[in-house]
Amino acid sequence: MTNLQSLRGMIDLLPSQAERWQKVEALARNHFRRAGLGEIRTPLIEHTELFSRGIGETTDVVGKEMYSFIDRGDRSCTLRPEGTASVVRSVIQNGLLSQGPQRLWYMGPMFRYERPQAGRQRQFHQIGAEFFGLSSEISDAEIISIAWDFLNDLGLQELTLEINSLGTTEDRKKYRENLVAWLENFSEQLDDQSLKQLKQNPLRILDSKKAHIQELLNGAPMIGEVLCQRSQDRFLNIQSILNSLGIPFTINQKLVRGLDYYCHTAFEITSKQLGAQATVCGGGRYDGLVEQLGGPATPSIGWAIGLERLLILLSEDYFKKEVPEVYIVNKGCKAQIEALKLARDLRKSNFLVDIDYSGSAFSKQFKRANRSNASWAVVIGDQELLQKEVRLKSLKGETIDPGEHFVKISDLNQIIERLRS
RNA sequence: GCGGGCGUCGCCAAGUGGUUAAGGCAGCGGCUUGUGGCGCCGCUAUUCGGGGGUUCGACUCCCCUCGCUCGCCCCA
């Protein structure tokens with residue numbers, strides 16, 4: 001490698017792609033605005049401790065995927081691997097929780113040191129929503145519905161919403177014991193991977209992709225069986241609200257999610273079109289996290305959408321390329337200055353304007369004008385300068401010569417009027 | 001971190017040991033020194049991701065390295 005390249009798993013977004021991103025981002029903003037959420041922007045770098053305490057020491061994200069470094073003040077810092085911990089920190093630090101429930105959203109890059117593959121980069125982007133101070137089942141359903149509506153508004157097909165309940169901390173602890181006890185009877189059938197997980201994070205075995213493990217699990221105890229009455233009621237209530245909203249879902253008792261902080265509701269929206277990294281949106285309730293990070297006990301729930309994956313799902317024809325409305329054909333130094341002046345004026349009036357810089361033959365410039373898909377060519381050359389005019393020529397329509405208009409260059413209003421006709 | 005596939009012009013792509021590395025798109029110039037969409041003609045890789053080796057000779061074989069890609073792990 002002689003030339004400098006971007007770091008592995010960190011990609012450039014070129015104009016054609018950036019346009020697509022902007023469209024998706026704008027739609028997300030629109031959905032959040034209508035749902036009354038406020039934007040929060042937190043730093044990309046935090047104390048390492050925020051993530052190790054917030055996400056969980058035993059998770060892979062913390063254990064082997066963080067971009068950490070020691071800064072010049074001898075602090076251990078980490079590029080955020082996800083958004084929730086930072087938002088929780090901010091909400092505590094800035095005292096927002098004493099101002100009533102908070103309904104927030106964020107958007108931006110996250111960093112995880114993993115091996116890149118389809119829909120997974122080391123610098124990737126998430127859009128997320130978080131509710132604080134709301135414990136009602138309605139809030140679970142609402143935040144899910146915001147994600148669901150947004151994804152559907154993008155025209156995505158074949159989305160599946162899966163939900164599960166992880167219950168309270170006690171429920172989860174009890175289930176963990178049951179599951180470990182049961183799995184230990186079959187330890188000879190478990191592979192190295194699962195045996196390791198059995199010690200560190202047994203619930204994770206549930207979403208193993210290995211067929212023989214899944215087969216074995218068919219007989220395993222499920223978390224639904226150990227949920228306390230309140231947890232069960234809560235889960236049933238959410239299902240009935242989702243039904244009322246007409247949002248289709250399936251219950252997946254093996255859906256546990258990787259981060260330590262989840263409790264009660266856990267959910268995922270997946271797409272079959274994505275291959276191995278199928279999760280577009282993942283989230284859940286994390287009632288204990290705020291307190292764990294030093295804030296007041298606060299019920300909380302949130303989700304995150306992976307933008308790279310989302311963009312994979314959007315078909316090409318969802319994005320229409322923006323095209324210049326006006327292409328200014330010109331020749332000569334003086335004409336070029338006039339062209340730029342006119343371009344500025346037209347842009348102030350919201351026209352999309354391209355100027356030809358080549359100085360080449362008019363026939364060439366017209367070819368380019370035509371290829372740019374502009375509706376109008378505006379011609380400024382020696383003759384026009386002499387007459388203090390511009391020539392407006394329509395590039396649309398079947399005929400090659402649909403007529404031209406000469407307008408005084410000083411009469412901007414008339415130029416605009418013609419272009420709008 | 002582990003395993004499989006791949007890397008030839010801005011993009012797509014032929015070539016798989018032997019004289020000048022096809023072709024298409026895009027770009028530039030011309031046919032037409034001031035008027036477009038078609039057509040025709042020309043130009044555009046001293047070089048095959050990078051480095052080393054084998055060979056009289058390598059884009060083609062071997063090794064290393066970088067990157068991409070698919071899967072595992074994990075997650076959005």
Side-chain angles (χ1 to χ4, degrees), chain A residues 1-11 14 16 55 58-65 81-84 107 109-122 124-128 147 151 191-194 196-197 201 204-205 207-210 256-259 267-271 274-284 302-313 327 329-332 335 356 358-374 376-386 391 393-402 404:
Chain A
M1 185 187 68
T2 329
N3 293 318
L4 254 28
Q5 293 186 5
S6 64
L7 286 166
R8 169 161 226 204
M10 312 228 172
I11 56 168
L14 303 178
S16 60
I55 300 170
T58 63
T59 61
D60 280 30
V61 170
V62 171
K64 59 178 204 191
E65 294 173 1
E82 55 112 50
T84 300
M107 176 187 304
M110 309 291 164
F111 303 85
R112 265 132 77 166
Y113 194 92
E114 301 179 274
R115 188 119 177 217
Q117 62 186 73
R120 182 164 80 195
Q121 307 292 26
R122 289 183 172 180
F124 64 107
H125 297 76
Q126 289 186 332
I127 296 178
L151 295 174
D191 55 324
D192 293 352
Q193 185 76 46
S194 304
K196 221 167 102 192
Q197 287 172 328
N201 209 336
R204 190 62 43 70
I205 298 175
D207 51 21
S208 165
K209 282 174 185 158
K210 298 196 175 74
V256 290
R257 312 215 28 82
L259 280 22
F267 63 94
E268 264 182 17
I269 300 174
T270 56
S271 167
L274 277 177
Q277 313 302 324
T279 306
V280 186
C281 174
W303 52 249
I305 285 176
L307 266 174
E308 280 78 5
R309 292 181 190 176
L310 192 53
L311 276 133
I312 291 172
L313 293 175
Y327 191 98
V329 168
N330 64 93
K331 196 155 197 180
D356 196 301
S358 68
S360 50
F362 277 104
S363 63
K364 277 288 170 217
Q365 295 197 40
F366 271 95
K367 268 185 183 151
R368 279 190 284 265
N370 211 55
R371 217 169 296 160
S372 80
N373 268 318
W376 288 91
V378 172
V379 186
I380 306 177
D382 295 340
Q383 282 173 29
E384 286 80 7
L385 281 180
L386 214 65
R391 187 183 298 224
K393 183 163 176 168
S394 170
L395 297 173
K396 292 292 173 200
E398 295 303 301
T399 57
I400 282 186
D401 190 8
E404 306 178 322

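Quick note: numbers below take in every heavy atom, side chains included, and nothing from hydrogens, waters or symmetry partners. This one's a predicted model, so the numbers in the text were calculated from it and none came from an experiment. Lettering of chains follows the sequences in order, A, B, ..., and the numbering in each one begins at 1.
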Next on the checklist: Going by purine N1 to pyrimidine N3 plus the second Watson-Crick contact, or the G-U wobble pair, all under 3.5 Å, which nucleotide sits opposite B/G29?
Outcome noted: B/C41
Checklist entry - Do A/Arg120 and B/C70 have a side chain to base donor-acceptor pair shorter than 3.5 Å? => result no
Next on the checklist: Test of understanding: with side chain to side chain donor-acceptor pair (under 3.5 Å), list the residues that count as partners of A/Ser363, not counting sequence neighbours.
Outcome noted: none
Item to check | Nearest atoms (heavy-atom pairs only) where A/Ile380 meets A/Ala335 | outcome: O-CB, 3.6 Å
Checklist entry - With a 3.5 Å cut-off and just heavy-atom distances, do the side chain of A/Glu384 and the base of B/G34 make a donor-acceptor pair? => result yes
Checklist entry - When you compare B/U8 with B/G50, how far apart are their P atoms, in angstrom units rounded to a whole number? => result 10 Å
Item to check | Nearest-Å distance once atom C1' is located in both B/C72 and B/G27 | outcome: 44 Å
Checklist entry - B/C6 and B/A45: how far apart are their P atoms, nearest whole angstrom? => result 29 Å
Checklist entry - salt bridge (charged side-chain N to carboxylate O under 4.0 Å, His left out) with A/Lys367: which residues, sequence neighbours excluded? => result none
Next on the checklist: Between A/Gly381 and A/Arg371, which residue's closest nucleotide on RNA chain B lies nearer the 5′ terminus?
Outcome noted: A/Arg371
Checklist entry - Side chains of A/Thr84 and A/Ile55: does their closest heavy-atom pair fall under 4.5 Å? => result no
Checklist entry - Which heavy-atom pair separates A/Phe267 from A/Gly284 by the least distance, and what is that distance? => result CE2-N, 3.6 Å
Next on the checklist: For the P atoms, the ones on B/G49 and on B/G34, what distance do you get once it is rounded to whole angstrom?
Outcome noted: 43 Å
Checklist entry - Do you know which two heavy atoms are closest between A/Ser360 and A/Arg368, and how far apart they sit? => result OG-NH2, 2.6 Å
Item to check | Pairing partner of B/G71 (Watson-Crick or G-U wobble, both distances under 3.5 Å) | outcome: B/C2
Checklist entry - Considering Watson-Crick and G-U wobble pairs with both distances under 3.5 Å, what does B/C48 pair with? => result none
Checklist outcome for this item: Between NZ of A/Lys367 and P of B/G30 the distance, given in whole Å, is 10 Å
Next on the checklist: In this structure, how many angstroms lie between the P atom of B/C73 and the CD atom of A/Gln193, rounded?
Outcome noted: 7 Å
Checklist entry - P atom, B/U47 versus B/G1: distance in rounded Å? => result 34 Å
Item to check | Heavy-atom closest pair, residues A/Ser358 and A/Gln365 | outcome: OG-CG, 4.0 Å
Next on the checklist: Using OP1 and OP2 only, check whether a side-chain N or O of A/Arg204 sits under 4.0 Å from B/C75.
Outcome noted: yes
Checklist entry - Does a side-chain heavy-atom distance below 4.5 Å link A/Pro81 with A/Phe111? => result no
Next on the checklist: What is the separation between atom CZ on A/Arg368 and atom P on B/G34, rounded to the nearest whole Å?
Outcome noted: 13 Å
Item to check | Rounded distance (Å) that lies between atom P of B/A76 and atom CD1 of A/Ile312 | outcome: 16 Å
Checklist entry - What integer distance in Å separates A/Phe267:CZ from B/A76:C1'? => result 12 Å
Item to check | C1'-based separation of B/G39 from B/G71 [nearest Å] | outcome: 50 Å
Checklist entry - With centres under 5.5 Å and planes under 30° as the test, does A/Phe366 stack with B/G37? => result no
Every protein N/O lying under 3.5 Å from an N/O of nucleotides 2-6 of chain B:
unit_1: B/C2; atom_1: N4; unit_2: A/Arg115; atom_2: NH1; d: 2.9
unit_1: B/G3; atom_1: O6; unit_2: A/Arg115; atom_2: NH2; d: 3.4

Checklist entry - Taking atom C1' in both B/U69 and B/C63, what distance in whole Å separates the two? => result 23 Å
Checklist entry - Over how many whole Å does the gap from A/Leu395 atom CG to B/C38 atom P extend? => result 13 Å
Item to check | Rounded P spacing from B/U19 to B/A58 in Å | outcome: 11 Å
Checklist entry - Expressed in angstrom and rounded to an integer, what is the separation of A/Arg8 atom CZ from B/U69 atom P? => result 9 Å
Item to check | Taking every non-hydrogen atom, the tightest pair across A/Asp356 and A/Asn330 | outcome: O-ND2, 2.9 Å
Next on the checklist: Between C1' on B/U32 and NZ on A/Lys364, what's the gap in Å once rounded to a whole number?
Outcome noted: 10 Å
Checklist entry - Pick the nucleotide of RNA chain B nearest each of A/Phe124 and A/Arg391; which residue has the one closer to the 5' end? => result A/Arg391
Item to check | Residue matched to B/U54 through Watson-Crick or wobble contacts both under 3.5 angstrom | outcome: none
